[in-house]
Every structure is written in C-alpha cells, then in structure tokens.
Amino acid sequence: MGQYNWLDYKNDTGKYAPLYGWSQWALGAEAGYAASPWTDLLISGGYSDYTQHGGQGYRNYSNDSHVWSVQGGVSTRATEKISYRLLMGASWLDYGGRDNADVGWTYSLSANWRITRQLQWSALGNSYYQPSERTRGQAIKVYALSTGLSYLTLGDRVTLTGNIAWRHEQNVYSDRYLASGNDFDEDILSVRLGADYVMNRWVSLFAHFTWEEEWCDHSGYDYHRFRGTLGVRFHY
C-alpha cells in the first residue's frame, strides 16, 4: 500500500490565527494466514512521514514527524451475510525534533451486514497520529468511529445512504509551555445523508448533506455547521 495526502489552509485573510496544514506520504504492508475457510489471521505494519507547513524555526521545532505502526487481528465471515475485520496494535510517533516521542495503542476495524439484497449496514473505525493543525511542531492523536445504512432502490439506479460519525482529537505536546492554555481536546459528531443516481454506464449524479457539531474543552472553539454538496461523477 502507498498513499500521499496534502492538507492546505488559506491563511492570507488576516482575520484568524493561522492553521497549519501538512503533507504525508505513507507505505504499508499486510500478510495473512487462512486459519479456516471463514477466518484469516492478519498482521500489518506501516510507516508515515509528515511535514507540517509553516512550523519551522519556532522554538527550534522541526516540521517533520515520523510514525511507525504494527497491528494484528482477524478478518472473518460470521455468516454468509456478516463479515468483519478487527486489528489492534501500537504506533510510535517521533515529532517536532528534539527527541519528542509518543507511543499509544491504535485500532482499525470494519464490519458489514447485508441485511437484504437492497439494504446494507456497515461500520468503520480507526485511530492514528497526525501533526497538529493548531500548534507548531506538535501532534494530535485521532480516534474515529462511524456507522450507517445504505439502501438500493429504483431498479438499482439509486443508492440512499445515512450514517453517523464520531471523531475525538487528543493533543500530544512536547513541553508544558505549549500545553499551558492550549491542552484541550475536541469531539466532533457528524450526521450525513446522501443519494447517488446512476444515469447510465458513463454518468451518475450525487447529493450529500452533512450536519456537524463540535465540542471543545475550550468553550470558545465550539461550532456547528451544515454542508451540502451536489455533483456529477463520470465513469470510464
């Protein structure tokens, strides 16, 4: 597995405190053993290299962070209609230079239940480290869970979806100076509805709507918002 991510904030308005984007490239591998026709035993490992944008030079912190992770678990079919995958392990974070490090338990899970041919339930979750978007040279640990339903209708041309997601962000600070007045965690709850319509083999239309509520230990940072997205998807 290989991937690249890039997050950028437009901070040139001058109205708000800057947010720090970051870029990431990651490599990973997974191996499994078929313990039975229904169950696989899995082990996976990965490495990520992050670069925080705009943090260099502040209290001699480095922009670069590195994460190593190892997880083990199972992937199985409980029945012909129910399957799940669960991995647990640990991640090691080296961040901001100056020998800053953190280690913690991490998880990765997914489950799927095909209730009928048209109706399907699924769940996803994972935890991981990433650079802080609010504080230079620091990091956060993210815990995420989501679950939802999808329904296929109108001659299999329309897929309706609804899900709920929770995300918890926990700060990882290298010294008390930065943590003072800033060490507050955040929780984000999202409720999402969507519809996808397949016009033909080449084109589909979609409409997605999200309501989001955020709670922070620092009460001045609480917010809620609504977002709607309409689009066209092309296939070939």
Side-chain angles (χ1 to χ4, degrees), residues 1-11 18-33 40-75 84-111 122-146 165-175 178-179 182-188 190 212 214 216:
M1 179 275 292
Q3 68 178 33
Y4 177 79
N5 294 307
W6 178 52
L7 175 67
D8 183 49
Y9 286 107
K10 300 302 182 184
N11 293 312
L19 292 171
Y20 303 102
W22 44 267
S23 56
Q24 174 218 22
W25 63 265
L27 297 172
E30 183 176 284
Y33 170 71
D40 295 335
L41 304 179
L42 303 175
I43 184 169
S44 68
Y47 170 77
S48 296
D49 181 278
Y50 293 96
T51 300
Q52 189 186 48
H53 302 159
Q56 193 167 5
Y58 180 74
R59 293 176 59 87
N60 296 319
Y61 289 118
S62 169
N63 282 339
D64 297 324
S65 302
H66 312 278
V67 181
W68 297 263
S69 63
V70 175
Q71 293 183 332
V74 296
S75 174
Y84 63 89
R85 170 188 170 97
L86 174 62
L87 287 89
M88 296 288 293
S91 291
W92 294 262
L93 168 70
D94 176 12
Y95 66 103
R98 299 170 58 179
D99 297 323
N100 298 322
D102 194 72
V103 60
W105 296 105
T106 56
Y107 61 88
S108 175
L109 61 91
S110 63
S122 61
L124 294 170
N126 61 346
S127 60
Y128 52 90
Y129 287 103
Q130 72 177 49
S132 171
E133 297 169 27
R134 190 172 58 228
T135 309
R136 293 176 178 175
Q138 307 306 299
I140 63 173
K141 189 175 183 182
V142 178
Y143 302 85
L145 291 170
S146 65
W166 167 80
R167 175 184 174 96
H168 176 76
E169 295 184 358
Q170 179 179 323
N171 292 290
V172 179
Y173 284 109
S174 60
D175 59 44
L178 287 171
N182 295 308
D183 191 14
F184 38 83
D185 298 342
E186 296 181 65
D187 288 278
I188 301 171
S190 302
E212 194 168 84
E214 190 264 6
C216 185

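As a basis for the values below, the full set of heavy atoms in this structure was taken, side chains included, without hydrogen atoms, waters or symmetry mates.
- Side-chain contact of Gln24 with Asn5: a donor-acceptor pair under 3.5 Å is present, judged by distance alone.
- Under the rule for a ring pair (Phe, Tyr, Trp, His ring centres under 6.0 Å), Tyr107 has no partner lying at least two apart in sequence or in another chain.
- Remark: Ser75 engages no residue in a side chain to side chain donor-acceptor pair (under 3.5 Å) (not counting sequence neighbours).
- Looking at residues two or more places apart in sequence or on another chain, you find a side chain to side chain donor-acceptor pair (under 3.5 Å) between Thr51 and Asp64.
- Applying the side chain to side chain contact (heavy atoms under 4.5 Å, CB included) criterion to Leu124, with sequence neighbours excluded, gives Ser110, Ser146.
- Judged as a side chain to side chain donor-acceptor pair (under 3.5 Å), and not counting sequence neighbours, Trp92 has no contacts.
- Within 6.0 Å of atom OH in Tyr33, 12 or fewer heavy atoms from other residues, nucleotides or ligands are found, so the atom counts as exposed in its surroundings.
- Residue Leu93 comes nearest to Ser65 through the heavy atom pair CD1-CB, 4.3 Å, listed as atom of the first residue, atom of the second, then distance.
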Just list the side-chain donor-acceptor pairs under 3.5 Å for residues 40-47, sequence neighbours left out, or say none.
{"from": "Tyr47", "atom 1": "OH", "to": "His66", "atom 2": "ND1", "distance (Å)": "2.9"}

Exercise for the section: Assess whether side-chain contact (heavy atoms from CB on, under 4.5 Å) is satisfied between Val172 and Gln170, documenting all intermediate values. Expected result: CA-CA 7 Å; Val172 179; Gln170 179 179 323; 5.8 Å; no

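- Here the side chains of Gln130 and Val142 are in contact, with some heavy-atom distance below 4.5 Å.
- For Glu214, there are no salt bridge (Lys or Arg N to Asp or Glu O under 4.0 Å) partners two or more places apart in sequence or in a different chain.
- Counting heavy-atom neighbours within 6.0 Å of Trp68 CH2, excluding the residue itself, gives a total above 12.
- Listed by chain and number, the residues in a side chain to side chain contact (heavy atoms under 4.5 Å, CB included) with Glu212 are Ile188, Ser190, Tyr223, Arg225 (sequence neighbours excluded).
- Interatomic distance, Asp49 CG to Ser23 OG, rounded to the nearest 0.5 Å: 8.0 Å.
- Exactly one of Tyr50, Tyr95, Trp6 qualifies for a ring pair (Phe, Tyr, Trp, His ring centres under 6.0 Å) with Trp22. That residue is Tyr50.
- Tyr129 contributes a side-chain N or O that, together with a main-chain N or O of Gly104, makes up a donor-acceptor pair within less than 3.5 Å.
- A donor-acceptor pair shorter than 3.5 Å can be found between the side chains of Thr106 and Gln71.
- For the salt bridge (Lys or Arg N to Asp or Glu O under 4.0 Å) test, no residue two or more places apart in sequence or in another chain qualifies with Glu133.
- Residues passing the side chain to side chain donor-acceptor pair (under 3.5 Å) test with Arg167 are Tyr128, Glu169, sequence neighbours excluded.
- Once rounded to the nearest 0.5 Å, the distance linking CG of Asp185 with CD1 of Ile140 reads 10.0 Å.
- Leu109 contributes atom CG, which lies 12.0 Å from atom OH of Tyr84 (distance to the nearest 0.5 angstrom).
- Between the CG atom in Leu27 and the CE atom in Met1 there is a gap of 7.5 Å [rounded to 0.5 Å].
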